Amino acid sequence: MAGYTIKLIPGDGGATKSICLSARRVKYGVATLAAGALLFVGATGYAVYGALTNANRANEIEELQRVGGIQQEQLLQLSKKANALQDQLDQLTQMETELRRISGSSVQEDGPAGAADGQEADGTHGGQGGPHVSPDFQNVDATLANLEKGIARRRESLLALKQELEAQREELSTVEPLALGAPATTPSIWPARGTVSSPYGLRWNGTDFHPGIDIANDMGTPICATADGTVTAAGWNAGGYGNMVDIDHGNGIMTRYGHAMQVVVTAGEHVRRGQIIAYMGSTGFSTGPHVHYEVRVNGTPVNPVGYL
């Protein structure tokens, strides 16, 4: 039977030893060594591949966390900017409302940007609710888009207010200014404390001409004569004024006070500037307590603002 002999020769000259191996054993041994070598190389390669893969995954996770952190920070900054813009827009809206109230200009109907129906511009009503939704790029982007529209509307509204105030200034410039210490018979004070709820001129989208100004306040607020004069009418008026007082101040000037709760003067009575002539109510064609104040020159109504 064929085989292989391995001779072992000692270096000190000792006896030589021989090991005989059959061809089958040699083949098995070589195959075993080859398989072991392959397994070793495969295991080493797999270990190296796994280590590299884990390192890459760790780097990817770290990069994703870094990018996610940056995006979250950017989203937080955008949310803060949106809130700041909303606060500024609300402040501008409240300022415009106050300017319109002081000037007697028409009140805008759109209200504060983003405010719910019935919410006051000064934030008196603070009810809030709804589900909690975390901000993301989509809803923050929609919020910013709405703010852009609100700012555009406010810009147009403020421009219209500017033009309206300029028109009022031009109108008042044609009226002779009242000097300090104006004659007692010239209307020159406010007839009551309160808020101008309806100005002189066209209102309700041009469907009605208002010959005076409405000053709103609590029921029973005192109404005073704006100049010395003689009461020519005191009592009920069937033309929509309700309880009304007319005062003749001479020189073709007369004043009218409508919708009173109670009148405390009589026709023919002489009154002084600042004297209480009635108390604020909501009689006649009225939606709430206020005084309708008119100034007429030779029977024609003029803007009372020129006398205030």
Side-chain angles (χ1 to χ4, degrees), residues 94 97-109 111-112 115-127 187-204 207-249 254-296 301-305 307-308:
Q94 184 174 354
T97 301
E98 183 66 15
L99 286 173
R100 289 183 180 278
R101 184 190 67 81
I102 294 174
S103 65
S105 178
S106 56
V107 179
Q108 297 297 291
E109 298 296 335
D117 293 341
Q119 180 181 352
E120 299 294 337
D122 61 2
T124 300
H125 302 304
S188 58
I189 65 172
W190 287 80
R193 294 181 180 274
T195 301
V196 176
S197 56
S198 185
Y200 171 89
L202 293 176
R203 60 180 179 175
W204 302 338
T207 61
D208 176 70
F209 176 77
H210 195 221
I213 61 174
D214 290 341
I215 304 171
N217 208 329
D218 295 333
M219 188 78 70
T221 299
I223 300 172
C224 302
T226 57
D228 292 3
T230 301
V231 177
T232 57
W236 182 260
N237 173 272
Y241 290 95
N243 289 327
M244 180 191 75
V245 176
D246 282 352
I247 301 176
D248 183 5
H249 305 284
M254 65 87 65
T255 54
R256 173 168 292 176
Y257 315 77
H259 309 298
M261 176 182 72
Q262 180 184 4
V263 173
V264 295
V265 293
T266 58
E269 181 178 348
H270 184 74
V271 295
R272 298 285 186 179
R273 176 188 290 160
Q275 178 180 336
I276 296 176
I277 58 174
Y279 292 94
M280 192 175 294
S282 186
T283 57
F285 298 156
S286 172
T287 60
H290 72 283
V291 58
H292 170 88
Y293 177 60
E294 290 184 22
V295 176
R296 291 177 176 258
V302 298
N303 193 343
V305 173
Y307 290 87
L308 298 175

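Since we're looking at a predicted model, the values are computed, not measured.
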* Do T226 and Y293 have side-chain N/O donor and acceptor atoms under 3.5 Å apart? ->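 Y293 and T226 do have a side-chain donor-acceptor pair below 3.5 Å.
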* Assess whether salt bridge (Lys or Arg N to Asp or Glu O under 4.0 Å) is satisfied between D246 and R256, documenting all intermediate values. => CA-CA 5 Å; D246 282 352; R256 173 168 292 176; 2.8 Å; yes
Does any part of the side chain of [Y], heavy atoms only, come nearer than 4.5 Å to the side chain of [X], both counted from C-beta?
X: I277; Y: V231; result: no
X: F209; Y: Y200; result: yes
X: V302; Y: Y307; result: yes

Distance in Å, [X] [atom1] paired with [Y] [atom2], rounded so as to fall on 0.5 Å steps:
X: H270; Y: I247; atom1: NE2; atom2: CD1; answer: 10.0 Å
X: H249; Y: T255; atom1: NE2; atom2: OG1; answer: 2.5 Å
X: H292; Y: S198; atom1: NE2; atom2: OG; answer: 9.0 Å
X: I213; Y: N303; atom1: CD1; atom2: CG; answer: 7.5 Å
X: I215; Y: H259; atom1: CD1; atom2: NE2; answer: 12.0 Å
X: R272; Y: C224; atom1: CZ; atom2: SG; answer: 15.0 Å

Can you name the closest pair of heavy atoms from [X] and [Y] and give their distance?
X: P301; Y: R296; result: CD-NH1, 3.7 Å
X: A234; Y: A267; result: CB-N, 3.9 Å
X: P289; Y: S282; result: N-CB, 3.8 Å
X: N243; Y: M261; result: ND2-O, 3.4 Å
X: E294; Y: G212; result: CG-CA, 4.0 Å
X: G242; Y: T283; result: CA-OG1, 3.6 Å

* Full working for side chain to side chain contact (heavy atoms under 4.5 Å, CB included) between V291 and W190 -> CA-CA 11 Å; V291 58; W190 287 80; over 6 Å; no
